[in-house]
Amino acid sequence: MAKNLVIVESPAKVKTIKKFLGKNYEVTASNGHVRDLPKSTMGIDVEHDYEPKYITIRGKGDILANLRKEVKKADKVYLATDPDREGEAISWHLSKALKLEDKHAKRITFNEITKSAVKESLKHPRDIDMNLVDAQQTRRILDRMVGYRISPLLWAKVKRGLSAGRVQSVALRIICDREDEINAFIPEEYWTIEVQLQAEGEKKPITAQFFGDADGKIQIHNQQELNQILEALSGAQYQVLEVKKGERVKKSPLPFSTSTLQQEASRHLNFSTQKTMRIAQQLYEGVDIKGNGTVGLITYLRTDSTRVSAEAEQSAAAYISAQYGEAYVAQNIRSGNGNGHIQDAHEAIRPTDISRSPVMVKESLSRDQFRLYQLIWNRFAASRMKPAVYETTSVVIGAGEYRFHLSASVLKFDGFLSVYALDEKKADRTVLSKNLEEGMTLTLKETEPKQHFTQPAPHFTEASLVKALEELGIGRPSTYAPTITTLLARRYVIKENRNLYVSELGEVVNKIMKDEFPSIVDEKFTANMESLLDKVEEGEVDWKEVVRNFYPDLDEAVKAAEQKLDKIEIADEVTDEVCEMCGRHMVIKYGPHGRFLACPGFPECRNTKPLLEKIGVPCPKCGKEVVLKKTKKGRKYYGCENNPECDFMSWQKPTREHCPECGTYMLEKGNKLVCANESCGYVAEKPEKKEHTGVED
């Protein structure tokens, strides 16, 4: 019998795929890339038309030796790396490193690791797509040129260990621009008026909001304008002028792309982009499910498409009809938003088998795997269901020359909300009397004017930054998570309570990039470069042309910056903590395990201390500050800064709130507050943070 060799990227896939293919197939893994540009030099021969110089990655020699042995034994070789540009490039590097030209090696791709998908891919082997390889190779070379020409400049002028990147530098600029916008924002005053009105025969009053007059909406800018309106309203009769009934349709969501998955996992599960991608990779490669062995639970996780295969459409329709009823099955499926940046090479992220519900696999998954799979499953099921329908009522109330509005909606048909109602807690809860009729007079119970100030755009979170990068056409699904991770690792950006803040170091690097390399941090230039890479993939543009047009300008800008820039000193952040050895104020330093306090008198004074993060809550035992700490194994807990004198310790975050029943301090647990006294058992809803009323992300 012929011996077939299938080479995949990840060892985690080997076991799953081997099970599908049987004895005539050997499955082995390359463990990702086997060749790359050298770390010691740029690795691109500028003098000889930008030819890249690839070498075997350190540590991959043994893997390649084992792969060569397997290749010798095989009659046919199938390269089954991931179904994207990077996967195509890995297959090409493997064919070169293993000299597979004589073996007539073929490329196979599958969007999901299921028996049917893998077997079907073997029926349609193809040659390596060099357009895809060239597109990935161009990206790698451009990134290498930017990194290896600009990073040494940052080392010389600022400090060692810094880096510049083609996408990373634009992302930093976007965050800095938002920070500048927030800092420059001047709040503007405005007022609203609410009135509590009672209809005859009704127990509960209704609340209406000031709208304007018969000519349209009126903005109340200050106290003087407010007083004029309140004076005119004094003694006015409130009468229902119009009651309009209608219907509002809430569309079903699209299934997840990489970007939307990262955004929703951040919003609802509090996952970082990096964590989302790591767990999604585990679900894609295969999880050991009781009674089924290793099973790939989701389709490929790096995609900007919302397309779904015909087979998945049919199985979803059958499942929804059986579980929820025919009335819930969508007739007209929403397509994508027409984004010109989309590469439709493969499908949206969805479960490989919709009948494998989250409850069925819960016991076999870790908590985080289950939560992410449930999010993906629910979103896909919702995308194949009918929209939700609300019955709406809007009421116009007259008071003299002025108009007040109120509206309410009642869910008439839940549709997709039966499986995906994550945002419904914010939905309208107003209940209107069915007796409200045009011409009815209402009694004024209370007038409540409120002063407000406009808010600046909020700081970026990981989720909103991913959304901004996607909308601007910067980067691709595979780049979002590593870009954000690099910004945090370089300490250009600091993450606090989900928000991203620019550090002083980030501001300095961004200023250098804006002043000296404006095209590299220009959003339109970077987005245009992405579209050029798409054209390389489509075979419309020669990859060398892209590089030839890019490098000379970069080279010239670097040489000019080397002459122009002076060395910039970044001062350490000084704290109030006093060194007990020499009396100096200690500064924050960065080490391999994060931030710590060090004496600025080094090397004369070598005193260091852990940096304790205060959470703004007094210790329930002694009144000093509660700080966030870590055990030796890295688990977070909360303790008193006065330890060991005070032994307060809690695994859950303590709050300033006290239990109304027993007086003990309350703890945060998810979206609840619970009494720290277990015998009391009091639980309350965590108060919601006030939303910004300004610009949305």
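This is a predicted model, so every value here is computed, not measured.
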Legend entry - Basic-acidic side-chain contact under 4.0 Å: E264, R267: yes
Inset, instruction - Identify the heavy atoms of G663 and H658 that sit nearest to each other, and give their distance. - result: O-CD2, 3.2 Å
Inset, instruction - If the plane angle is over 60° it's perpendicular, under 30° parallel, otherwise tilted; pick one for H459 and Y501. - result: tilted
Legend entry - From S519 atom OG to L554 atom CG, the distance as rounded to the nearest 0.5 Å: 8.0 Å
Inset, instruction - For K614, look at atom NZ and say whether over 12 heavy atoms of other residues, nucleotides or ligands are found less than 6.0 Å away. - result: no
Inset, instruction - Classify the angle between the aromatic ring planes of H93 and Y54 as parallel (below 30°), tilted (30 to 60°) or perpendicular (above 60°). - result: perpendicular
Inset, instruction - Indicate yes or no for a side-chain donor-acceptor contact from S503 to the backbone of R491 under 3.5 Å, with no hydrogens or angles considered. - result: yes
Inset, instruction - Mind listing the closest non-hydrogen atom pair of H585 and T575 along with its distance? - result: ND1-O, 3.2 Å
For a quick test of your reading: what N or O donor-acceptor pairs under 3.5 Å do the side chains of residues 559-566 make, sequence neighbours left out?
residue : atom : partner : partner atom : Å
K559    : NZ   : D555    : OD2          : 3.1
K564    : NZ   : E516    : OE2          : 3.2

Inset, instruction - Evaluate the side-chain proximity of V158 to V508: yes if any heavy-atom separation is below 4.5 Å, no if none is. - result: yes
Legend entry - Neighbour count above 12 (heavy atom, 6.0 Å) for N183 CG: yes
Inset, instruction - May I ask you to check whether Y665 and F648 place their ring centers less than 6.0 Å from one another? - result: yes
Legend entry - Cation-aromatic face contact R490/Y492, 6.0 Å, 45 degrees: no
Inset, instruction - Look only at the side chain of T655 and the backbone of L667, and say whether a donor-acceptor pair between them is shorter than 3.5 Å. - result: no
Legend entry - Validation row: T276, Y480 side chains within 4.5 angstrom (heavy atoms): no
Inset, instruction - Please round to the nearest 0.5 Å and tell me the distance separating atom NZ of K609 and atom CD of E577. - result: 4.0 Å
Legend entry - Nearest heavy atoms of Y300 and I349, plus distance in Å: O-CG1, 3.7 Å
Inset, instruction - Work out which heavy atom in P38 is nearest to a heavy atom in K53; give both atom names and the distance. - result: CD-O, 3.1 Å
Legend entry - Polar side chain donor-acceptor pair, T454 to E188, under 3.5 angstrom: no
Inset, instruction - For S10 and E285, run side chain to side chain donor-acceptor pair (under 3.5 Å): C-alpha distance rounded to whole Å, both residues' side-chain angles, the deciding distance at 0.1 Å, then the answer. - result: CA-CA 8 Å; S10 164; E285 289 181 347; 2.9 Å; yes
Inset, instruction - Apply salt bridge (charged side-chain N to carboxylate O under 4.0 Å, His left out) to the pair R371 and D368, showing each step before the final yes or no. - result: CA-CA 5 Å; R371 292 169 75 207; D368 286 341; 3.6 Å; yes
Legend entry - Test item: D522 side-chain N/O and F525 main-chain N/O as donor-acceptor pair under 3.5 Å: yes
Legend entry - Check: F460 main-chain N/O paired with S464 side-chain donor or acceptor under 3.5 Å: no
Inset, instruction - Working to the nearest 0.5 Å, report the span between CG of L465 and CD of Q263. - result: 10.0 Å
Legend entry - Point-to-point distance, once rounded to the nearest 0.5 Å, from OH of Y682 to CD of E661: 6.5 Å
Inset, instruction - Report, as yes or no, whether the 6.0 Å neighbourhood of atom CD on E363 holds more than 12 heavy atoms from other residues, nucleotides or ligands. - result: no
Legend entry - Verdict with reasoning, R139 to E86, per salt bridge (charged side-chain N to carboxylate O under 4.0 Å, His left out): CA-CA 10 Å; R139 175 188 290 283; E86 192 166 5; over 6 Å; no
Inset, instruction - Output yes when a side-chain donor or acceptor of Q168 lies under 3.5 Å from a complementary backbone atom of S163, and no otherwise. - result: yes
Legend entry - Polar side-chain atom of H268 near backbone of S266 as donor-acceptor pair, under 3.5 Å: no
Inset, instruction - Indicate yes or no for a side-chain donor-acceptor contact from Q374 to the backbone of P358 under 3.5 Å, with no hydrogens or angles considered. - result: no
Inset, instruction - Please name the pair of heavy atoms, one in K567 and one in W155, separated by the smallest distance, quoted to 0.1 Å. - result: NZ-O, 4.4 Å
Inset, instruction - Give, for atom OH of Y50 and atom CE of M42, the distance between the pair rounded to the nearest 0.5 Å. - result: 8.5 Å
Legend entry - From L301 atom CG to Q262 atom CD, the distance as rounded to the nearest 0.5 Å: 9.0 Å
Legend entry - Under-4.0 Å salt bridge between E523 and R173: no
Inset, instruction - Count the heavy atoms belonging to other residues, nucleotides or ligands that lie under 6.0 Å from NZ of K624, then report whether that count exceeds 12. - result: no
Legend entry - Y148 backbone acceptor or donor facing S151 side chain under 3.5 Å: no
Legend entry - Nearest heavy atoms of G623 and P618, plus distance in Å: O-CB, 3.8 Å
